[in-house]
Amino acid sequence: MSRTNSATAPRRVVIKLGTGVLTSGIGQLDTARIAAVCAELAALRRAGSEVIVVSSGAVGLGMGRLGLKKRPSALAQKQACAAIGQSLLMQTWQRGFEPHGLTVAQVLLTHDDLRERARHLGVKAALAEIIGYGAIPIINENDTVSAAEIKVGDNDTLSAMVASLVAAQHLVILSTASGLMDLKGTGAIIPVVEKITPAIEAMAGGTASETAVGGMATKISAARLATRAGCGVFIASGAEPDILARIFSGRNPGTFFVPSGLPLESRKRWLAYYQRPAGTIRVNAAAIPVLREQGRSLLPVGVTGCAGTFAAGDVVDIAGPDGKVFARGETAFADGEIATIAGKNSGQLNPLYPGRKRLEVVHRNDLVLL
Ligand code: GLU
């Protein structure tokens, strides 16, 4: 019986399920597990939560249906597997929710749907309507039409993007891992991560599975994204019974990543997490604390050079002298202009740009620290 009750149920929650949770062997549905997950999600709904699911498994189920034992290497074959598996996946979810009187809604996204501002807002509005109708959105990457350049690439990241988009209170990433393991210490699961430090990142590995994509590394970077959007993130085992009830009754069976106290506002989140930067602007060491600690705009005097091809208004990374990217923002200058303005102060620049009032390269309102 579920122990979730309305006192602890989150207002809005995104639950991400990995291929390994939904299938056993290669691409064989674990129907008992799926039935149990649907019962748990239905209990959350009854307790008053809005539930959004991010479901992997399309490629794995497609492989299972086609009898493939190895993940295909050719993109078109993976796309075909996803097309075959995605419809099986949706049938599975609908069947699982049927006994609870719930309807599912398929939402397939590419990175561009989240990156381009108008589409981003369109997806947000559509999700709100689906939830308003009482249906459960089941989101996956649109693998069949996603070439590498437009792909998010893994559903951990996609789930964090979705959690940020819908301003979820919690993101729960259920996979075959029970949480983040303290690889340097006791090997036990770390119950709470206050801050994602390099030591935490060092505890991550990839995945050895034939059907899954992510691993602990993508989960940690997803946690970074979602916590900065003000969303608490749980990583726990989807194989354990009553896992959601245990999470939301405060027993924390896995790892909890504490949400940032000061979430980024929506436009900065969009800048930071949904973009694919067109290039990089390099700055000198003196500019770093000016942006980092003083929250000021990037001026030409701090710029040393750039890489990539970009126009004014494009989103670029900002890197220090060591090449490490520490910020991202909308540039006011195209790549071809950077060499002209780099290192110059306003006295030197004003004659070059007569009548142009603002000579910031990236204005602080258009800049976000990573
Ligand atoms: N979209 C992929 C699928 O449905 C899964 C990606 C992932 O698990 O990260 O198979």
Side-chain angles (χ1 to χ4, degrees), residues 14-30 33-34 37 52-94 96 104-114 123 137-163 171-177 204-226 233 235-239 273:
V14 175
I15 316 271
K16 185 261 171 174
L17 296 114
T19 303
V21 177
L22 302 172
T23 60
S24 53
I26 297 222
Q28 302 308 311
L29 277 173
D30 189 335
R33 168 98 39 83
I34 292 166
V37 167
I52 295 159
V53 172
V54 174
S55 174
S56 299
V59 175
L61 287 182
M63 286 169 60
R65 180 55 71 103
L66 296 171
L68 307 180
K69 295 281 170 264
K70 280 196 111 37
R71 192 180 183 82
S73 50
L75 176 65
Q77 287 170 354
K78 270 186 272 197
Q79 289 172 314
C81 282
I84 291 161
Q86 181 63 31
S87 74
L88 296 171
L89 191 61
M90 287 312 292
Q91 290 168 33
T92 305
W93 280 113
Q94 186 56 63
V104 297
Q106 170 177 262
V107 180
L108 297 177
L109 299 174
T110 63
H111 190 252
D112 274 0
D113 298 321
L114 297 166
V123 172
I138 310 279
I139 301 175
N140 196 359
E141 178 134 38
N142 195 351
D143 294 310
T144 304
V145 300
S146 296
E149 313 77 62
I150 61 160
K151 227 171 150 51
V152 175
D154 72 87
N155 276 4
D156 296 324
T157 308
L158 179 67
S159 69
M161 287 179 164
V162 167
L171 164 64
V172 182
I173 298 181
L174 294 179
S175 72
T176 48
T207 176
S209 156
E210 278 297 332
T211 50
V213 174
M216 201 43 81
T218 56
K219 290 180 180 49
I220 293 176
S221 80
R224 179 197 300 287
L225 194 163
V233 179
I235 294 179
S237 164
Y273 299 125

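Numbering of ligands and ligand atoms starts at 1, following listing order. Sequence positions, counted from 1, serve as the residue numbers for this chain. These numbers were taken from a predicted model, which means no experiment stands behind them.
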Does Ser237 have any side chain to side chain contact (heavy atoms under 4.5 Å, CB included) partners at least two apart in sequence or in another chain, and if so, which? Ser178, Ala239, Glu240
salt_bridge(Asp156, Lys16) N-O dist < 4.0 Å: yes
Has ligand 1 got any nitrogen or oxygen that is less than 3.5 angstrom from a nitrogen or oxygen of Gly60? no
What do we get for Asp143 next to ligand 1 when only non-hydrogen atoms under 4.0 Å count, side chain, backbone, both or neither? side chain
Asp156 to ligand 1: N or O pair under 3.5 Å? no
Ligand 1 and Gly153, any nitrogen or oxygen pair closer than 3.5 angstrom? no
Distance-only N or O hit between ligand 1 and Asp154, under 3.5 Å: no
What are the atoms of ligand 1, with element, lying closer than 4.0 Å to any heavy atom of Gly57? 3 (C), 4 (O), 10 (O)
Looking at side-chain heavy atoms only, is the closest gap between Cys81 and Leu68 below 4.5 Å? yes
Could you list the residues that satisfy side chain to side chain contact (heavy atoms under 4.5 Å, CB included) with Gln28, not counting sequence neighbours? Ser24
Answer side chain, backbone, both or neither: which part of Val59 comes under 4.0 Å from ligand 1, heavy atoms only. both
When you measure from the side chain of Glu141 to the backbone of Leu108, do you find a donor-acceptor pair of N or O atoms at a distance under 3.5 Å? no
Option from Val162, Val54, Ile173 for which side chain to side chain contact (heavy atoms under 4.5 Å, CB included) with Asn155 holds: Val54
Using only atom types and a distance under 3.5 Å, with no angle test, would you say the side chain of Ser146 pairs donor to acceptor with the backbone of Thr110? no
Compute the minimum heavy-atom distance from Gly18 to ligand 1 and say whether it is under 4.0 Å. no
Mind checking whether Ser55 has an N or O less than 3.5 Å away from an N or O of ligand 1? no
